[in-house]
Amino acid sequence: INFCVSFSQPVIITLNICMAGQYFVDKVLNTTVQKDPWQHQIVQDSLPKAMFSRLQQQCEQFLHTDVQRNMGDVRSDRMYIFPDQFRDHGIDLYDELRDVATVILHNAQQLTQGLYTDPRWYDSLTVYAHIAIVPPRPATAFTIHEEAMDKIWSSVTYVAPEVNVGTKMYTAPDESAFVSEAEWRPNNSFIFCGQKGVTWHKFQSDQHSNRISLNLFLMSDKRKKYFV
């Protein structure tokens, strides 16, 4: 059967195929795992340029958000925007982020056991995601900590502002054990597989505006905290 379709005016057909997830995972899989002071990756330009530009622009509204006021009676040093809240805040990246999370989940073994030495593993996994908004505070207000045991892989993508403090890495939970910093650069992702007693780190914000990042975690589904 032959079909013949004619148009009196030029027609432009645009196919918007969401490939953000494969782009992100390919970037991670092709980035060297650094060993000092413990295994981690710094993935440059980790999200597609157009997607990240929209994310950054839409997150700039949070640069001067009063975090504690927005949290109400809940005492917190940070604020989270979850994917199911994106639309309420004018963020139109739900589908792209879901694609990223889905491809991460499908490649969980490659992203962890394929790259890292002896990472944690759970047979039933999920991906948890949020935008984190952290207000500026004195450096001493931010604590050195290790990753929760239910997380096997953590990714923090720096979003806004243009200048801030990245993620500091330590060999022990003491400031004297500081070794290096995954420096802040928008659209870079700091990634690691948490290991108990090893992956000591902290983040902080030293600017006059909030520190905004996009956080994704591969984790056990026992707590029912999931995006996909």
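For this chain, numbers begin at 1 and follow the sequence in order.
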By the salt bridge (charged side-chain N to carboxylate O under 4.0 Å, His left out) test, which pairs, at least two apart or in different chains, include something from residues 80-91? none
Residue pairs, two or more places apart or on separate chains, that pass salt bridge (charged side-chain N to carboxylate O under 4.0 Å, His left out) and touch residues 21-38: none
Check ion pair Glu175-Lys202 (N to O, under 4.0 angstrom): yes
How would you list, by chain and number, every residue that makes a ring-ring contact (aromatic ring centres under 6.0 Å, His included) with [X], sequence neighbours excluded?
X      : result
Phe192 : Trp38, Phe190, His201
His89  : Phe62
Phe227 : Tyr94

Would you say Ile131 and Leu97 are hydrophobically clustered, going by side-chain heavy atoms of ILVMFWY under 4.5 Å? yes
Hydrophobic cluster mates of Val179, side-chain heavy atoms under 4.5 angstrom, ILVMFWY only, any path?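 Members other than Val179 - counting any ILVMFWY side chain reachable under 4.5 Å - there are none.
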Running the 4.5 Å side-chain criterion over Ile, Leu, Val, Met, Phe, Trp and Tyr, what cluster does Trp200 land in, apart from itself? Ile144, Tyr170, Phe178
For the residue pair His130 and Phe82, categorise the inter-ring angle as parallel (less than 30°), tilted (30 to 60°) or perpendicular (more than 60°). perpendicular
Rounded to the nearest 0.5 Å, what separates atom [atom1] in [X] from atom [atom2] in [Y]?
X      : Y      : atom1 : atom2 : result
Thr65  : Ile81  : OG1   : CD1   : 7.5 Å
Ile152 : Leu125 : CD1   : CG    : 4.5 Å
His64  : Asn210 : NE2   : CG    : 8.0 Å

Applying side chain to side chain donor-acceptor pair (under 3.5 Å), name anything that partners [X], two or more places apart in sequence or on another chain.
X      : result
Gln109 : Gln113
Asp221 : Ser124
Thr199 : none

Looking at Gln41 and Val28, would you say the former's side chain and the latter's main chain have a donor-acceptor pair under 3.5 Å?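 Yes; judged by distance alone, with no hydrogens or angles, the pair exists.
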Using a 3.5 Å distance criterion without hydrogens, assess whether the side chain of Arg54 forms a donor-acceptor pair with backbone atoms of Asp92. yes
Could you name each residue pair satisfying ring pair (Phe, Tyr, Trp, His ring centres under 6.0 Å) that touches residues 97-125, not counting sequence neighbours? none
Taking distance alone, no hydrogens or angles, what donor-acceptor pairs closer than 3.5 Å link side-chain atoms of residues 42-53 to residues at least two apart or in another chain?
{"residue": "Ser46", "atom": "OG", "partner": "Asn187", "partner atom": "O", "Å": "3.2"}
{"residue": "Ser46", "atom": "OG", "partner": "Ser189", "partner atom": "OG", "Å": "2.6"}
{"residue": "Ser53", "atom": "OG", "partner": "Lys49", "partner atom": "O", "Å": "3.0"}

What verdict does the side-chain contact (heavy atoms from CB on, under 4.5 Å) test give for Thr126 and Met219, after you've listed the backbone C-alpha separation in whole Å, the side-chain angles of each residue and the deciding distance to 0.1 Å? CA-CA 6 Å; Thr126 186; Met219 58 192 296; 3.9 Å; yes
Take Ile104 and Trp153 through the test side-chain contact (heavy atoms from CB on, under 4.5 Å) and record every step on the way to the result. CA-CA 10 Å; Ile104 287 171; Trp153 179 92; 3.9 Å; yes
